[in-house]
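All figures in this text were calculated on a predicted structure; none of them were measured in a lab. Here is the naming used below: chain letters follow the sequence lines, and residue numbers restart at 1 for every chain.
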There are 2 protein chains.
Amino acid sequence: METVGRLAGVSQVTVSRALSDPSKVSPKTLAKIREAIEMTGFVPNALAGALASSRSKLISALVPSIRNVVYSGMVQSFSAVMRDSGYQIMLSETGFEPEDEEKLIEAHLSRRPDAMMLTGIHHSAQARRMLLGADIPVVEVWDITDSPIDVCVGFSHTETGRAVADFAYAQGYRQAGCVSAGDERARRRMRAFSERFTRLAGGEIPVAQFESQASLERGRQGLAQLMDGQGFTGGVVFCSSDLLAHGVLVEARTRGLDVPGQVAVIGFGDQDFSAFVSPAITTVRVDMSAFGQSAARAVLERIEAQGGTQSVIDLGFEIVARESS
Amino acid sequence: METVGRLAGVSQVTVSRALSDPSKVSPKTLAKIREAIEMTGFVPNALAGALASSRSKLISALVPSIRNVVYSGMVQSFSAVMRDSGYQIMLSETGFEPEDEEKLIEAHLSRRPDAMMLTGIHHSAQARRMLLGADIPVVEVWDITDSPIDVCVGFSHTETGRAVADFAYAQGYRQAGCVSAGDERARRRMRAFSERFTRLAGGEIPVAQFESQASLERGRQGLAQLMDGQGFTGGVVFCSSDLLAHGVLVEARTRGLDVPGQVAVIGFGDQDFSAFVSPAITTVRVDMSAFGQSAARAVLERIEAQGGTQSVIDLGFEIVARESS
DNA sequence: TTGTATGCGTTATCAG
DNA sequence: CTGATAACGCATACAA
């Protein structure tokens with residue numbers, strides 16, 4: 001800025017003002033400064049700016065995995081809204097281990113973000129302490145709780161599981177199984193489904209539980225496990241994601257089973273392929289881009305107004321009935 | 001650090017040293033400092049650190065879209081390697097508009113990253129100038145050129161298109177069509193495919209070109225367009241992604257067409273579902289996590305050794321023959 | 001092994 | 001509308 005200022009015949013401060021609030025500088029000097037910037041190829045140092053103003057214009061976002069469209073879709077809409085307000089996103093993957101999250105939170109906090117977006121509501125005590133100590137807006141997405149760190153936006157996984165059980169029972173199914181990936185929230189949905197379905201129809205509900213991330217192949221293996229190892233002979237299979245559901249579908253076709261006659265399938269997430277495979281997948285739709293947008297708005301509200309309104313934003317879910325059940 | 005130091009009975013610098021290089025501090029004082037940090041919940045300010053040392057430990061990464069697994073997979077492996085070396089990633093989506101990229105590059109550069117990862121080799125003149133001026137390692141991924149800004153790692157899209165044409169011709173196909181999403185590199189593959197296939201088999205090659213991102217539905221529309229509007233009656237369909245290929249498959253099934261008898265399909269990307277749908281999709285495999293790792297290693301080499309070795313890293317591609325062709 | 005002085009490139013505050 | 005001056009919180013060079 002010093003150099004630019006000399007070239008434009010003004011001081012360093014004036015250059016700073018020209019950049020941060022052009023209206024505070026006369027049109028003439030503004031033009032000269034712009035020209036000098038053009039000539040020198042000057043790019044302001046946001047690090048120094050952040051240090052001086054203690055506003056970094058950086059937002060941290062932590063998600064389990066960006067390869068999963070449900071998370072990357074959310075990040076995409078979150079980022080878009082924040083970017084329009086001049087914020088940049090620092091994104092990291094936490095994986096599914098709580099300890100990793102703690103370290104990442106500290107690493108992010110050291111960069112002094114103006115706010116932080118986290119996935120889920122379960123965080124270590126130390127993580128909560130650091131977050132509280134940072135004194136910035138914190139939004140927890142994808143799940144809701146009555147005691148968020150600051151604000152949470154999402155839906156109830158327990159309610160989802162129950163609703164699916166009710167739905168499947170109402171459709172006439174009396175036998176059920178589950179195929180689930182290693183996500184804590186997925187497990188919570190499965191548990192709620194099992195409890196409710198057992199209460200309605202009785203019997204045990206076999207579960208094929210994987211620790212790895214969901215994939216089509218895992219879905220195939222899931223149905224195979226249920227049928228070959230756990231005595232599942234037919235009925236409805238609730239999967240923790242549409243990808244798994246698709247795998248169950250493929251495996252059922254391979255085994256010559258009629259869907260939904262012998263094996264019915266319900267997925268989760270309403271991914272873009274779900275309506276277009278055949279049979280189309282019955283699923284639970286959650287509006288991930290709405291999550292991202294709501295989260296972003298909640299953050300902006302808190303940054304600007306210094307005090308959010310709602311602290312629990314339940315965006316709900318919707319069961320989409322298609323051909324697979 | 002001042003506060004922590006007072007609590008531990010040492011000066012600010014000693015605290016700084018204890019954090020950046022514990023071996024330079026006596027075990028006793030180190031213990032006292034650690035205790036003081038614990039008590040105060042002190043989290044170092046990386047902004048100030050970066051300003052003072054002019055090393056931000058931040059790496060910028062720009063990709064067209066994180067919802068596309070080919071990009072998010074690459075980012076994932078890139079991030080993992082960089083994180084292990086103590087770097088954080090600032091990720092942004094450029095979309096598919098060159099002007100947006102330029103603005104994003106400037107925004108990122110203002111945060112003084114220690115290096116930058118870009119997708120593709122086409123950047124505006126102004127962008128190149130800024131990048132060169134920033135004087136940091138720059139790695140361009142997903143494509144190769146003889147004149148990278150600094151270093152590029154990827155594969156030749158033109159060669160890919162040609163190889164697919166040769167492959168399809170060798171399999172006996174004499175009619176072809178293309179379904180492509182609005183990615184410049186995808187278009188380049190399609191063009192090379194068309195040119196080569198026309199030279200081999202003669203005739204015109206109809207193309208269903210979409211401006212939007214790939215999706216299963218677009219794939220279905222693609223085949224519909226080719227057959228209903230562009231006189232395509234059968235043969236091989238080369239798609240710019242496996243998602244589109246899957247859509248073509250679904251549409252073909254819907255129309256009662258035999259695959260690969262009447263319509264054969266070749267995709268791109270070898271996504272995780274490609275081997276498991278039926279018929280399994282013939283595709284072009286590129287090792288996206290290898291791209292990310294190579295890119296990360298190239299960056300680390302340049303940051304540490306101040307001068308990279310190779311400047312063009314061609315990781316190639318592989319045609320995976322399956323049932324759909 | 002530890003401390004002192006200085007500077008990194010901005011913004012904020014106050015004067016002119 | 002513009003300028004001087006003091007932080008911001010740390011790292012680096014040098015000294016002890």
Between side-chain atoms of residues 28-37 of chain B and protein atoms elsewhere (two or more places apart, or another chain), which donor-acceptor pairs fall under 3.5 Å?
| residue | atom | partner | partner atom | Å |
| --- | --- | --- | --- | --- |
| B/Thr29 | OG1 | B/Ser26 | O | 3.0 |
| B/Thr29 | OG1 | B/Ser26 | OG | 3.1 |

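For B/Thr119, the side chain to side chain donor-acceptor pair (under 3.5 Å) test picks out no residue, with sequence neighbours left out. For A/Ser212, the side chain to side chain contact (heavy atoms under 4.5 Å, CB included) partners two or more places apart in sequence, or in a different chain, are A/Phe210, A/Arg218. Looking at residues two or more places apart in sequence or on another chain, you find no ring pair (Phe, Tyr, Trp, His ring centres under 6.0 Å) involving A/Phe78. Listed by chain and residue number, nothing satisfies the ring pair (Phe, Tyr, Trp, His ring centres under 6.0 Å) test with B/His108 (two or more places apart in sequence, or in another chain). For A/Ser289, the side chain to side chain donor-acceptor pair (under 3.5 Å) partners at least two apart in sequence or on another chain are A/Asp287. Scored by the side chain to side chain contact (heavy atoms under 4.5 Å, CB included) test, B/Val81 finds B/Gln293, B/Ala296, B/Leu300 as partners (sequence neighbours excluded). Annotation: side chain to side chain contact (heavy atoms under 4.5 Å, CB included) contacts of B/Ala48 (sequence neighbours excluded): A/Leu51, B/Asn45.
Sorted pairs that involve residues 8-55 of chain B and meet ring-ring contact (aromatic ring centres under 6.0 Å, His included), not counting sequence neighbours, are lacking altogether.
Contacts between chain B and DNA chain C, taken as any atom within less than 4.0 angstrom of a protein heavy atom, begin and end at C/dT1 to C/dG9.
Across all strands shown, B/Thr14 has heavy atoms under 4.0 Å from sugar-phosphate atoms exclusively, and none from any base.
Each end of the helix from C/dT1-D/dA16 to C/dG16-D/dC1 gets its own axis from five base pairs, and the two axes differ in direction by 30°, given to 10 degrees.
Relative orientation of the B/Phe155 and B/Phe291 rings is parallel, given thresholds of 30° and 60° on the angle between their planes.
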Open item on the list: Using a 4.0 Å heavy-atom cut-off to protein, can you give one letter per nucleotide of nucleotides 9-16 of chain D, 5' to 3': B if the base is in contact, S if only the sugar-phosphate is, - if neither?
Closed with: BBBB----
